[in-house]
K.L.:
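First, the structure itself, so that you have it in front of you.
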Amino acid sequence: MIKPDLIMDVFDGNQTNQADANTKAKVKVVHFSGAASRGGKTDNGDSTACDEGPGICSHLLTLFSILLIMVTMPLSLLWTIKVVQEYERAVIFRLGRLLSGGARGPGVFFIIPCVDIYEKIDMRSQTFEIPPQEILTKDSVTVFVNAIMYYKVRDATCAVANVDDYSG
């Protein structure tokens, strides 16, 4: 069962106690940590956290893929060695799980085909143009507003793992 950290009054946004909240309409605000909401480990000793690592099947698939790379060595180098530029980082997932060690790069790194999936993240400042909006003020004057949004990724691992639709 999820226990809310805070119950807020809908009308004025002030924190209320439980008895007062039962008489008014209320909104439950639940705070999730990044790893705990996805079943990862938490530091508070919660028993619902996932403590298991990759299973035996995962290890067997990885071992089989590495043996296949060794057998086809000169040709397999085309698919196993990847390069990321100075302004990029690569976040690697092995069989759908985020690899420990964080993002790789800049430079050369090794992936296992059919087991690893990686995503390159651009760490430079990006711009996003917000389309012009027509706004009507209180005194019935029409105003056109446009804007440009600047953003920069600081942590490539969090950008990939915690943002729903991050496309760079």
Side-chain angles (χ1 to χ4, degrees), residues 2 4-6 8 13 27-44 46 48-55 57-59 61-70 72-137 141-168:
I2 298 173
D5 293 337
L6 176 69
M8 297 188 73
V27 175
K28 293 182 181 180
V29 179
V30 181
H31 300 282
F32 292 104
S33 67
S37 64
R38 290 183 308 278
K41 290 186 177 181
T42 57
D43 293 333
N44 60 1
D46 190 10
T48 61
C50 180
D51 293 330
E52 59 187 58
C57 187
S58 152
H59 289 297
L61 280 172
T62 305
L63 182 65
F64 177 73
S65 296
I66 290 174
L67 289 174
L68 191 62
I69 289 170
M70 294 296 187
T72 62
M73 182 51 98
L75 187 62
S76 66
L77 291 178
L78 296 173
W79 289 281
T80 59
I81 296 179
K82 302 296 179 185
V83 178
V84 290
Q85 301 296 325
E86 187 71 31
Y87 53 87
E88 294 175 329
R89 299 295 180 270
V91 179
I92 303 174
F93 293 93
R94 178 161 294 154
L95 295 174
R97 291 180 180 237
L98 187 62
L99 278 185
S100 62
R104 306 283 196 272
V108 178
F109 63 95
F110 176 79
I111 67 163
I112 303 171
C114 302
V115 175
D116 290 346
I117 296 173
Y118 74 100
E119 186 169 343
K120 286 184 183 179
I121 302 298
D122 195 351
M123 302 294 283
R124 297 178 290 185
S125 294
Q126 302 289 325
T127 60
F128 179 74
E129 185 173 345
I130 299 171
Q133 303 287 321
E134 184 176 339
I135 300 172
L136 187 64
T137 61
V141 176
T142 304
V143 178
F144 287 97
V145 178
N146 60 353
I148 296 176
M149 180 180 71
Y150 294 91
Y151 68 94
K152 181 178 182 176
V153 176
R154 291 189 180 159
D155 188 4
T157 305
C158 288
V160 173
N162 294 341
V163 179
D164 282 341
D165 189 22
Y166 182 78
S167 60

K.L.:
With side chains defined as the heavy atoms from C-beta onward, is the minimum distance between Trp79 and Pro113 less than 4.5 Å?
P.N.:
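Of all side-chain heavy-atom pairs linking Pro113 with Trp79, at least one is under 4.5 Å.
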
K.L.:
Taking side chain as C-beta onward, heavy atoms only, is Glu88 less than 4.5 Å from Pro106?
P.N.:
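SC-SC contact between Glu88 and Pro106 ruled out.
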
K.L.:
Looking at Met70, I want to see if its CE is surrounded by more than 12 non-hydrogen atoms of other residues, nucleotides or ligands under 6.0 Å.
P.N.:
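No, because the 6.0 Å sphere around CE of Met70 holds 12 heavy atoms or fewer from other groups.
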
K.L.:
With heavy-atom distances below 4.5 Å as the criterion, would you say the side chains of Asn146 and Ile130 are in contact?
P.N.:
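No. Closest side-chain heavy atoms not under 4.5 Å.
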
K.L.:
Are the side chains of Val84 and Lys120 in contact, using a 4.5 Å heavy-atom criterion?
P.N.:
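Yes, at least one pair of side-chain atoms sits under 4.5 Å.
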
K.L.:
Near Ile117 CD1, under 6.0 Å, is it more than 12 heavy atoms from other residues, nucleotides or ligands?
P.N.:
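Incorrect, the count does not exceed 12.
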
K.L.:
How many angstroms lie between atom CD1 of Ile121 and atom OH of Tyr87, to the nearest 0.5 angstrom?
P.N.:
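It is 13.0 Å, given to the nearest 0.5 Å.
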
K.L.:
Compute the centroid of each ring, for Phe109 and then for Tyr118, and state whether the two points are separated by less than 6.0 Å.
P.N.:
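Yes - the distance between ring centres of Phe109 and Tyr118 falls below the 6.0 Å cut-off.
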
K.L.:
Distance check, rounded to the nearest 0.5 Å: Cys114 atom SG versus Leu61 atom CG?
P.N.:
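Between atom SG of Cys114 and atom CG of Leu61 there are 10.0 Å.
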
K.L.:
So, taking the atom named CG in Leu95 and the one named OG in Ser58, what distance separates them when rounded to the nearest 0.5 Å?
P.N.:
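Here the interatomic distance stands at 5.0 Å.
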
K.L.:
Over all heavy atoms of both residues, which pair between Val115 and Ser65 is shortest? Give the atoms and the distance, please.
P.N.:
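Minimum heavy-atom separation between Val115 and Ser65: CG2-OG, 3.1 Å.
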
K.L.:
Out of curiosity, Ile135 CD1 to Thr142 OG1, how far, rounded to the nearest 0.5 Å?
P.N.:
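Rounded to the nearest 0.5 Å, the CD1-OG1 separation comes to 10.5 Å.
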
K.L.:
Are Thr80 and Ile112 close enough that some pair of their side-chain heavy atoms sits under 4.5 Å apart?
P.N.:
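No, every pair of side-chain atoms sits at 4.5 Å or beyond.
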
K.L.:
Which residues satisfy the salt bridge (charged side-chain N to carboxylate O under 4.0 Å, His left out) test with Arg94, sequence neighbours excluded?
P.N.:
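For Arg94 the salt bridge (charged side-chain N to carboxylate O under 4.0 Å, His left out) partners, ignoring immediate neighbours, are Asp116.
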
K.L.:
Under a 4.5 Å cut-off applied to non-hydrogen side-chain atoms, are Arg89 and Met123 in contact?
P.N.:
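Yes, at least one pair of side-chain atoms sits under 4.5 Å.
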
K.L.:
Kindly write out the residues that satisfy salt bridge (charged side-chain N to carboxylate O under 4.0 Å, His left out) with Arg124, not counting sequence neighbours, or none if the list is empty.
P.N.:
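Salt bridge (charged side-chain N to carboxylate O under 4.0 Å, His left out) check on Arg124 returns Asp122.
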
K.L.:
In terms of heavy-atom contacts, does CZ of Phe110 have more than 12 from other residues, nucleotides or ligands at under 6.0 Å?
P.N.:
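For Phe110, atom CZ is crowded (more than 12 foreign heavy atoms under 6.0 Å).
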
K.L.:
Is the side chain of Arg104 donor-acceptor paired with the backbone N or O of Gly102 at a distance under 3.5 Å, no angle test?
P.N.:
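Yes, because the side chain of Arg104 sits within donor-acceptor range (under 3.5 Å) of the backbone of Gly102.
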
